[in-house]
Each structure stands twice: as structure tokens, then as C-alpha cells.
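So you know, we letter chains A, B, ... as the sequences are listed, proteins then strands, and number each from 1.
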There are 2 protein chains.
Amino acid sequence: MPRRSASPTITQVAEAAGVSRATVSRVLNGSTRVDPGIAIRVREAAGTLRYRPNLTARNLSTGRTLTIALVIPDLGNPMFQVILRGISRAAEADGYSVLVAEVASPEREAAIAREARRQCDAVVLVSPRMDDQVLDELVEQISPVVLVNRRTTDPRFASVGIDYAAGMKQLVEHLVGFGHRDLLYASGPPRSVANRERLTALHALVDADPALTLRSIRCGSGLADGYRVAAEVLDSGATAVLAFNDLVAHGLLTRMHELGVDVPRDLSLTGFDGIELSRVLNPHMTTVGQEELDAGTVAWTLLRRRIQRSDAQGRPEQDDARDDVLLEPQIIIGDSTGPVTSR
Amino acid sequence: MPRRSASPTITQVAEAAGVSRATVSRVLNGSTRVDPGIAIRVREAAGTLRYRPNLTARNLSTGRTLTIALVIPDLGNPMFQVILRGISRAAEADGYSVLVAEVASPEREAAIAREARRQCDAVVLVSPRMDDQVLDELVEQISPVVLVNRRTTDPRFASVGIDYAAGMKQLVEHLVGFGHRDLLYASGPPRSVANRERLTALHALVDADPALTLRSIRCGSGLADGYRVAAEVLDSGATAVLAFNDLVAHGLLTRMHELGVDVPRDLSLTGFDGIELSRVLNPHMTTVGQEELDAGTVAWTLLRRRIQRSDAQGRPEQDDARDDVLLEPQIIIGDSTGPVTSR
DNA sequence: CTGTTAGCGCTTTCAA
DNA sequence: TTGAAAGCGCTAACAG
């Protein structure tokens, strides 16, 4: 039975052009060492047959897939979407495709990453929640890899992230400048490394200034989480609340509004991440974020270099110097923060 | 020179277990026709060697990749993120991976889809902007395919989308119930099919009721677009504005607030899509959206069936009955709409 | 510059 | 039930 319009193979192109498959391959892959006349014949044959090389076969032969995997905790979070977008655009510009793998539950994180690596040349781990030890071992296995928003204890591994401590410093100084002394942190997911680092940074800042007080409450990472804890925030009596991220801040803000609490008159509020929403919605949210370069783009730069290295593994070229980019966030001052007033 | 920790091949497992590669393949792929004792030996060998089949080789051999491509116009839009998330989760549950391809410019849409199809078993086209004719031809080439938010003129092609007309009907009836007669549509991207269909639906509704007036202004699809056209909206004197989507509505809302316009007292405002933001931010936005089933999940259901069909292409089984799912949106009544007041 | 020849690692007939 | 052998479609040594 005749396969209906099975796509042509390199063999058919070779026959049509009256040359060998190797020659077809050379022409189509831009090898200069080929007779111009033959090249034209081959291209014509390929054109009329509408030949497209089978990528799977090529991948098997070359050992490369020109695909990278992005392992991401939550496709619903705007932060991660920005990273996905950045890395997708950068990678595609270099001819690489992006496979997306969402981590359903933190326990499956390592397994998913390993699985993803089997069909890709490299992987980007975004905000992995696993332990340092597990992470170190994993990274070694699935290398080349770049970590986003997380570093490891092993200095060999590349990473890119925001300097959370610097960001928190800017926020706290901003609040302190407004006279706030009694701070509250609405914390993110307990397993989130970003959350732990932000909290640690806050503690360090507050410890350095005896006038300051810091408390924290459990919250979460989404709009609904902020909304939910609003009352608890009020009960605390703090004059300023630093939310784990922008979504939480917006959730809080919404609920405050409903409760008749005026932000920033009654309470100052800051976010983190600098998502678009924070700059457009009313009132504009005070937050910190990275402006020019997004982590996704940087991650691709780092990753590409490592892919090339491991391609040219003939000479290991022990130049695995640590690539560790720490992006400096900028404070974005909105209307959600203001001077302390007696209430 | 010794490859450092090259991953083991099926041949090495076969040697370690003292069997042929074929047997290893059978055991690992769950063929029942294999001696239990041998099966155990093979599994042990595979286990100690930490053997993982090379997927590229398997793909070449089987002709399947267990990967699908999602071709999406804009990774920044929450609507599309929901679709990506839905399809990603559904596909992964069935052992399929998802490749994401963002369409940089509408002209490259078809090319990108074709390219994506080369490394995948099927593709999901989300809100394609190309002409019907181009689309029809493309779909035939890259089949199996499912269209999201777009139908074709060819009844053979599967699609899933929201019933925009039904959604608009609910919004308009809601507004009319509040006494609004003078409506304004803040339109989306001109090439967007969703935009055209929403506008068409609006026209039909307004034409059916002589009391109603409809005007429309050019706007866009993002927060900033809504923000930008706020003044123009006010100048129109309309009492109710239907925004192309929720983002536009939020942008409008923000700017209205800044301009001292009270929503909904001075102006009623509706969105479209029902993104999470609309239900959490203040005031809650009146919009329409799909609640239970998201388009991504449905798309996977449709696509899986078609993949199976084309796998079993021995008997074409001309059961390509049209799969055309039209999801019924529900109105979500928020605080952004209210009765007409004299202003 | 071109063709021949080996594979890449796996699955899958086909015999035994 | 198992093994031998062919082949998926391509690239890349190596001769010529």
C-alpha cells in the first residue's frame, strides 16, 4: 500500500540529483567543499521534493538535539513566565528549541530533570526546591546545566539569579526612610529557597539596626495567599509589610482596600520581583526588580557556552570557571509605601 | 581515550545479562513473552548499570517522539499561560513532553509550526493569526493538529475554543440590564481572530436591539494598551466599555482611577477571559471565562485521539469526524459594572 | 571534490 | 521464548 505523501528521505534526494547521500548532506549542511553545479542540482532536487531532513535521525547521528529543557516549578507564576519567555526567545535565536517541564510536586523535581535531560542537550533548573546535596548530585548528572534563582555549594555549577539581599536592603532602607521601625514579612512557601534567602537577608538587615523589629507570618506565593492573610497582617500592628513577592502584595492590597485600610496611609506595603502588574495597577506597588536583562536571557548565554564546551569535549579545557551571575535589582518606588502616620 | 561515564547502551546491558539486545528491549518494554528468570537478570543488569534507553535512538526506530509542540503567539499573556499549563499537565500525565514555540512575528507563524512539527508527533496551534487559506494548507501538512481559539473552513480539523459570541451576549445583556445603551468596544489586535469574532458578535447583538449603539476604538491586548486609551474612552461619552480582554480592562481601570473616574458609577467596564487577576483585584472585574475545563486540557484530549489514529494508520478508519469543542463561558459579575447614572 | 562505508542505539520482523 | 539481522535516516570518517 502506498504511504500517502511520506516525507522524502535523503536517499530519494540523492537519487533525484544523481549523487550520493553524503553529498546531499554536505550541500544541505553548508559544507564549502562541494562543486557548485552539483550543489545546485541537489538543491533543486531537494526543493521539488520538498525535502526536510528528519531531525530524529540527525540527532541520533550527531548526538545533539538542539533542544534544551526548562524545568520550572509553576507555570502559573508571572515570574517564571518571564524567565520562560526570555530563555525561549534567546535560545530560538540560536536555533535551539525549548522543552518545558513543570514540576508537579517538589519530590519529583530531580526525576523530572533527569528525564528531561534525556531528550535535550542541556537543562535549565528554575528555582529548584531540593536539598543542596540532592541538587549537587543531580547537576553533575544532567550537566550542562544552569541554575536560575539558586546556587549550589559546588562552585563548578553555573547560575544566575537576583541578588535578593541587595533588593531587600533597598526596600528596607526605603521603608526606614519613611520612619517605619516595625516590619512584618509575609513569607513565601517554606521550601522556596527564594523565601529563605529573603528572610535571611531581612534578619541581617534588622539585626544591624537595633531600632528595627521584624516579625514574619506564613503566607504563600499567590494572590489568594496575600488576600487571605490580610487580617493577620493588620492584627500584628506593624506599620510596614514586606510581601514575599508581588502577587502576594497585590492580594494583600486588594483585601486591605476591602477592609477599609488605606495603603500607604495606614500601612506601607512592598512586593518583590517587579512584575508588570506592579507598575500598572493602582496604586503602583513599591517593589524591586531587574530591569534590563532578564534571568532567562542570561541563563541562555551561560548555557550556550557550556553546551559548546561539552560538545568540544576532546580537550576538556578545564575552563569551567564558575559562571555566577548575580543580577542587581532596582527598587521601583510606587504608591504603596509612605511615611508612618499615627493611626 | 576513555569516555568519562558515557551512559550505557542496550548492548552493554545485554552483555552484562548474557542475552541479546532484542531480549533486553523486550523486557524493558514490558513484553510478556519473556522468561521470568531472564527478565530478572536483565532488570538487574539494567539497574546496576543505571541504564536509561537513548530516546533519540528509540524515536528513530519507532517513528514517534512522544513530544508535542505548542505554537503560541505570546508567552506573556496570562490567557496563553493557562493554555500552556493545561496542555502541559495533561500531556505529561500521558507521558508526552511539550515543546514551546513562541511566534515572534505573525508572518513566521506557519514556518514555525512546520518546523516544530518536524521534531514532534503533533502540534497545537494557539490563536493562529494567519489567513484561513494558509491555515487550511498548513494544518493539512502538520497534522495531527488541534486548533485552539480558532476554527478553519475545513471541517476535518479539530479545534477547541471559547464561544465568544455567547460570552459577549452575556456581557451585553448584563450591561443592558443596568440600563446601558451606549456601548464602546476597546478592540484588540486587528489581526487577532478573537478580536474580530468578538467585534462581530457585538455588532450582531447591537443590531438586534435598535435601542443600542456601538462604537469601537483601537486599543490592543495588554495592560498598557488599556491604560493608554482611557482618555479616548472617556471622550466617547459611552456609559459602558467592553474591553477586548481582561488585561486591557485592568489597564483602563487603573487609568480611570487616576483620572478620578469612578468605576462603575461613572463608567461600567467589562473584560474578557476571566483571568485570575480579575477575580482578586479591586474592584473585581466583570468578565466572562471558562471555569471547569480549560482549553489546554481539552486540546490534549482531542490531540491524543488524533495521534492514536495516525499511529494506527494501517486502517485509516475514516473516523476523522470533526472534533469541534466550543466551551461555554460563564459571566463573572464583579464590581466594575453598575447601573447608569446621570453624570 | 565525491562516493563508499560505518555507524548512532534502538525496535522489530523473521527464523530457530 | 530467544537470537540474528535488518533497518529507522542521517552524518562523518576514510579512501579515491
- Task: Indicate, with a heavy-atom threshold strictly under 4.0 Å, whether A/Asn59 touches base, sugar-phosphate, or nothing.
- Result: nothing
- Message: Please classify the nucleic acid contact of A/Ile38 as base, sugar-phosphate, or nothing, using heavy-atom distances under 4.0 Å.
- Response: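 The residue A/Ile38 makes sugar-phosphate contact but no base contact.
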[N] OP1/OP2 closer than 4.0 Å to side-chain N/O of [X]:
X       : N      : answer
A/Arg58 : D/dG9  : no
A/Thr23 : C/dG3  : yes
A/Thr62 : D/dT11 : no
A/Ser20 : C/dG3  : yes

- Task: Starting from the 5' end of DNA chain D, give me the residue, A/Asn29 or B/Arg26, whose nearest nucleotide shows up first.
- Result: B/Arg26
In whole Å, what is the span from the [atom1] atom of [X] to the [atom2] atom of [N]?
X       : N      : atom1 : atom2 : answer
A/Leu60 : D/dG9  : CG    : P     : 12 Å
A/Arg21 : C/dA6  : CZ    : C1'   : 10 Å
B/Arg52 : C/dC10 : CZ    : P     : 11 Å
B/Ile40 : D/dT2  : CD1   : P     : 12 Å
A/Leu28 : D/dG9  : CG    : P     : 16 Å
A/Ile10 : C/dT2  : CD1   : C1'   : 14 Å
A/Arg41 : C/dC1  : CZ    : C1'   : 13 Å
B/Arg33 : C/dT11 : CZ    : P     : 18 Å

Is there a donor-acceptor pair closer than 3.5 Å between any side-chain N or O of [X] and the backbone N or O of [Y]?
X        : Y        : result
B/Arg41  : B/Ala17  : yes
A/Ser25  : A/Thr23  : no
A/Ser143 : A/Glu140 : no
B/Asp74  : B/Gly76  : yes

- Task: Let me know which of A/Leu125, A/Val126, A/Asn149 forms a side-chain contact (heavy atoms from CB on, under 4.5 Å) with A/Pro73.
- Result: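 Among A/Leu125, A/Val126, A/Asn149, the one meeting side-chain contact (heavy atoms from CB on, under 4.5 Å) with A/Pro73 is A/Val126.
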- Message: Tell me if the side-chain of A/Ser61 makes a donor-acceptor pair with the base of C/dG7, cut-off 3.5 Å, by modelled atom types.
- Response: yes
